[in-house]
Amino acid sequence: PNHIIASCGETPGGGEFTYGTGIIQSFDRGETWDIMYTFPAQDYPDVVKIIYDKSDTNPNDGLTLYAITLEKIYYSTDSGNSWCQIPNPTNFPYYVIDASLIQIGLGQLHYHDVISTENGELIISFNGRWGFIGQLYKLTNPTNCASPNWIRLSGGFGQEFQHGKLTESDNGLIYFYALFDDTKRRLCKTVDFGQTWEISTILPGVGASNRDEVFHIPGTNQVFYSD
């Protein structure tokens, strides 16, 4: 309970030219902090989000963690002492960062959000920029660096979206709050870990900001969002 781990990097959208220091951690409940030097922050300091594996039944032998940067995803099975990069889905036009870590190249998609489900899978949203559509994927075997199994989920919405955020899985119930190409914000819902989706509600709010957030209170139908 004394160990806290936090991402300390680029915020999706509007901050592409500013970078953090990767991942930081505290061993005294946040009184003091240090950089997690085992993470490859010298190459990818822009850690958008870090989460733990909800299916990890024995964290005492090392917590399983996942970290997304703008263009890569990593996992650790020993609380961050070592990291492995998971290969990205094929044929994706990712952001390209030059050696100085200052300029963004021609890529059009970047990692935007990630959640862990109770059955050991990850659901990941990608932000579409400059005419590219967003993407939503499931990763069914996230600790298999050799051959990860990516499944595209965003085809189930019936129309394209630009970007979106996910709520934590509540035994398969997940909400996805997204800005669609018709400039309407919609709340989508799945009850089967992303296999099928229902576009349930058109929400008030206009604009292209991708700093939106969504939160679901487990065991209820209450959902909160920010625009």
Side-chain angles (χ1 to χ4, degrees), residues 5-13 15-16 19-25 35-56 59 62-97 101 104-105 107-129 132-154 161 163-169 174 176 178 193-194 210:
I5 302 173
S7 61
C8 186
E10 191 268 353
T11 55
E16 288 90 346
Y19 292 89
T21 52
I23 298 173
I24 57 175
Q25 59 183 341
I35 297 172
M36 182 181 285
Y37 291 102
T38 54
F39 186 79
Q42 67 277 10
D43 297 319
Y44 298 102
D46 49 330
V47 181
V48 178
K49 188 175 182 179
I50 184 169
I51 63 171
Y52 71 95
D53 189 335
K54 294 182 72 171
S55 69
D56 193 343
L63 193 64
T64 301
L65 303 173
Y66 301 97
I68 56 173
T69 70
L70 279 179
E71 55 180 313
K72 295 185 183 295
I73 178 171
Y74 296 85
Y75 87 91
S76 170
T77 57
D78 53 14
S79 299
N81 289 316
S82 61
W83 292 88
C84 175
Q85 180 194 334
I86 302 171
N88 290 329
T90 57
N91 301 320
F92 259 39
Y94 294 99
Y95 270 144
V96 178
I97 306 175
L101 295 176
I104 298 290
Q108 310 299 322
L109 290 171
H110 66 69
Y111 284 87
H112 191 55
D113 199 11
V114 58
I115 64 167
S116 171
T117 64
E118 292 86 349
N119 57 5
E121 299 175 334
L122 299 182
I123 297 181
I124 301 167
S125 70
F126 295 84
N127 186 5
R129 303 293 296 274
F132 275 70
I133 60 174
Q135 299 286 345
L136 191 66
Y137 269 76
K138 174 187 288 189
L139 185 55
T140 63
N141 57 345
T143 58
N144 187 342
C145 277
S147 58
N149 183 35
W150 291 92
I151 299 174
R152 184 172 180 265
L153 303 177
S154 42
F161 67 91
H163 53 76
K165 286 294 188 72
L166 297 149
T167 63
E168 294 295 324
S169 176
I174 302 164
F176 182 55
F193 297 99
N210 53 12

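We number each residue from 1, following the sequence as shown.
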Would you mind reporting whether [Y] and [X] have side-chain heavy atoms less than 4.5 Å apart?
X	Y	value
Met36	Trp83	yes
Val48	Val114	no
Val47	Phe39	yes

Working to the nearest 0.5 Å, report the span between OG1 of Thr69 and CG of Asp46.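 It is 5.0 Å, given to the nearest 0.5 Å.
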Distance (rounded to the nearest 0.5 Å) between Gln135 CD and Ile124 CD1: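 Here the rounded value is 12.5 Å.
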Which is it for Leu136 and Ile123 under the side-chain contact (heavy atoms from CB on, under 4.5 Å) test, yes or no, and what are the steps along the way? CA-CA 7 Å; Leu136 191 66; Ile123 297 181; 4.0 Å; yes
Name the orientation class of the two ring planes belonging to Phe126 and Tyr111 (parallel below 30°, tilted from 30 to 60°, perpendicular beyond 60°).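 Taking Tyr111 first and then Phe126, their aromatic rings sit tilted (interplane angle of 30° to 60°).
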Determine the interplanar angle of the Tyr137 and Trp150 rings, folded into 0 to 90°, and report it as parallel if under 30°, tilted if 30 to 60°, perpendicular if over 60°.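 Plane angle over 60°, so perpendicular.
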List in chain and number order the residues that pass side chain to side chain contact (heavy atoms under 4.5 Å, CB included) with Asp56, two or more places apart in sequence or in another chain; answer none if no residue qualifies.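 Only Asp53, Pro59, Leu63, Thr64 meet the side chain to side chain contact (heavy atoms under 4.5 Å, CB included) criterion with Asp56.
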Is a side-chain N or O of [X] found less than 3.5 angstrom from the main chain of [Y], in a donor-acceptor match?
X	Y	result
Asn141	Asn149	yes
Ser76	Ser82	yes
Thr117	Ser169	no
Asn88	Glu71	yes

Tell me every residue that passes side chain to side chain donor-acceptor pair (under 3.5 Å) with Glu121, counting only those two or more places apart in sequence or in another chain.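 Partners of Glu121 under the side chain to side chain donor-acceptor pair (under 3.5 Å) test: Asn119, Lys138.
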Judged by modelled atom types alone, do Asp113 and Ser125 share a side-chain donor-acceptor pair under 3.5 Å?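 The answer is no; no qualifying pair exists.
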Just jot down the ring-ring contact (aromatic ring centres under 6.0 Å, His included) partners of Tyr75, sequence neighbours excluded, or say none.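 ring-ring contact (aromatic ring centres under 6.0 Å, His included) check on Tyr75 returns nothing, list empty.
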Exercise: identify the closest heavy-atom pair between Gly194 and Leu153: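 Answer, listing the atom of Gly194 first, then Leu153: O-CD2, 3.3 Å.
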With side-chain contact (heavy atoms from CB on, under 4.5 Å) as the criterion, how do Tyr74 and Leu65 come out once you've worked through the C-alpha distance, each side chain's angles and the decisive distance to 0.1 Å? CA-CA 8 Å; Tyr74 296 85; Leu65 303 173; over 6 Å; no
